[in-house]
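Working notes, structure below.
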Amino acid sequence: MHRAIGKGAGKLLSTVLGEEDADRVGDRAKELHSRFYLETAELLRPFDRAPELIRTLAGRGVRVVLATSAGPDELEVLRKVLDVDDVVSAIVSGDDVDATKPDPEPVFAALERAGTAPEETVFVGDAVWDVHAATKAGVRTVSVRSGGVSAAELTEAGAVAVYDDAAALLDGLEESVLLG
């Protein structure tokens, strides 16, 4: 299950259950996930210094685009938890794309919203599926290990740099490709 985290819900279910069972229970599983997520939303906290990282990048002139496969209700919760709407340039949600990671469509949508070319963009993610999607779109990826994936796996997938978490990335920001 853990190895499928980071894929869109449909692809995650297909990976874990197989195509036939995912088709049979997919809508119900997504509904239950969303209900549980919303019922336990008060437990959510941003990763250590993640909002500060986003604010620092935006303050340095970086156009920050959040990209998630979350639907509207879950996205609203995530936005409240992060509390960075005032510095985010755009948001791409599950409603904005037909295909999810590892398909590059969410990355292409983020590029369009940011108004940047792939070669001048850096994607930050915590799953190998983030790296695969960004790489297919021609975008470099900086990875953080907060998703529970090893540095070796993220590097092997194509990440140009790996940090322990958002706090470590913020601490190493000056030397990172995010400002380069």
Given side chain to side chain contact (heavy atoms under 4.5 Å, CB included), test Thr141 with Val124 step by step and report yes or no.
CA-CA 6 Å; Thr141 304; Val124 177; over 6 Å; no

Side-chain donor or acceptor of Arg113 paired with backbone N/O of Ile91 under 3.5 Å
yes

When rounded to the nearest 0.5 angstrom, what distance separates CG in Leu111 from CZ in Arg63?
10.5 Å

Identify the two heavy atoms, one from Pro104 and one from Ala133, that lie closest to each other, and give their separation to 0.1 Å.
CB-O, 3.4 Å

When rounded to the nearest 0.5 angstrom, what is the spacing between OG1 in Thr68 and CZ in Arg79?
11.5 Å

Do Phe108 and Val92 share a hydrophobic cluster, counting only Ile, Leu, Val, Met, Phe, Trp and Tyr and linking them when any side-chain heavy atoms are less than 4.5 Å apart?
no

Report yes if the side chains of Leu66 and Leu82 come closer than 4.5 Å at any heavy-atom pair, otherwise no.
yes

Should Val162 and Val122 be counted in the same cluster of Ile, Leu, Val, Met, Phe, Trp and Tyr side chains packed under 4.5 Å apart?
no

Between Arg49 and Glu52, does any side-chain N to carboxylate O distance fall below 4.0 Å?
yes

Distance (rounded to the nearest 0.5 Å) between His33 NE2 and Leu38 CG
9.0 Å

Residue pair Glu120 / Gly115: nearest heavy atoms and the distance that separates them:
OE2-O, 4.5 Å

Given 3.5 Å as the limit, does a donor-acceptor pair link the side chain of Thr40 with the main chain of Leu43, or not?
no

Applying side chain to side chain contact (heavy atoms under 4.5 Å, CB included) to Leu53 and Leu173, what does each step give before you reach the verdict?
CA-CA 9 Å; Leu53 173 62; Leu173 192 59; 4.3 Å; yes

Apply salt bridge (charged side-chain N to carboxylate O under 4.0 Å, His left out) to the pair Arg60 and Glu174, showing each step before the final yes or no.
CA-CA 11 Å; Arg60 301 292 272 303; Glu174 295 304 319; 2.9 Å; yes

Taking all atoms of both residues into account, what is the closest heavy-atom pair of Ala110 and Val65, and its distance?
CB-CG1, 3.9 Å

Does the side chain of Thr121 come under 3.5 Å of the side chain of Thr116 through a donor N or O and an acceptor N or O?
yes

Pair Thr56-Leu170, side chain to side chain contact (heavy atoms under 4.5 Å, CB included): steps then yes or no
CA-CA 8 Å; Thr56 299; Leu170 180 59; 3.8 Å; yes

Under a 4.0 Å threshold between the charged nitrogen and the carboxylate oxygen, would Arg55 count as salt-bridged to Asp86?
yes

Atom pair CG/CZ of Leu169 and Phe47 - distance to nearest 0.5 Å:
13.0 Å

Assess whether a salt bridge exists between Asp103 and Lys136, defined as any Lys/Arg side-chain N lying under 4.0 Å from an Asp/Glu carboxylate O.
no

Without swapping roles, check the side chain of Glu74 against the backbone of Gly71 for a donor-acceptor pair under 3.5 Å.
no

Between Ile54 and Val87, is there a side-chain heavy-atom distance shorter than 4.5 Å?
yes

Spatial distance of atom CG (Asp164) from atom CG (Asp48) [nearest 0.5 Å]
11.5 Å

Could you check whether Glu31 and Ser34, counting side-chain N and O atoms only, form a donor-acceptor pair closer than 3.5 Å?
no

Under a 4.5 Å cut-off applied to non-hydrogen side-chain atoms, are Val160 and Val142 in contact?
yes

How close do Arg35 and Arg28 get, heavy atom to heavy atom, and via which atoms?
NH2-NH2, 4.4 Å

Mind listing the closest non-hydrogen atom pair of Ala109 and Val97 along with its distance?
CB-CG1, 4.0 Å

Val131 vs Thr155, side chain to side chain contact (heavy atoms under 4.5 Å, CB included): CA-CA, chis, key distance, verdict:
CA-CA 9 Å; Val131 182; Thr155 301; over 6 Å; no

Looking at Arg24 and Glu20, is any side-chain nitrogen of the basic one under 4.0 Å from a carboxylate oxygen of the acidic one?
no

Determine whether a donor-acceptor pair (N or O, by modelled atom type, separation under 3.5 Å) exists between the side chain of Glu19 and the backbone of Ser14.
no

If we only count heavy atoms from C-beta on, is the Val149 to Val128 side-chain gap below 4.5 Å?
yes

If you define the side chain from C-beta out and look only at heavy atoms, does anything of Val64 sit under 4.5 Å from Val84?
no

With a 4.5 Å heavy-atom cut-off, do Ser143 and Asp126 have their side chains touching?
no

Test Asp130 against Lys101 for salt bridge (charged side-chain N to carboxylate O under 4.0 Å, His left out), laying out the working first.
CA-CA 7 Å; Asp130 297 323; Lys101 297 177 287 179; 2.5 Å; yes

Separation between CG of Asp73 and OH of Tyr37, rounded to the nearest 0.5 Å
11.0 Å

When every non-hydrogen atom of Tyr163 is compared with those of Gly172, the smallest separation belongs to OH-O, 4.1 Å

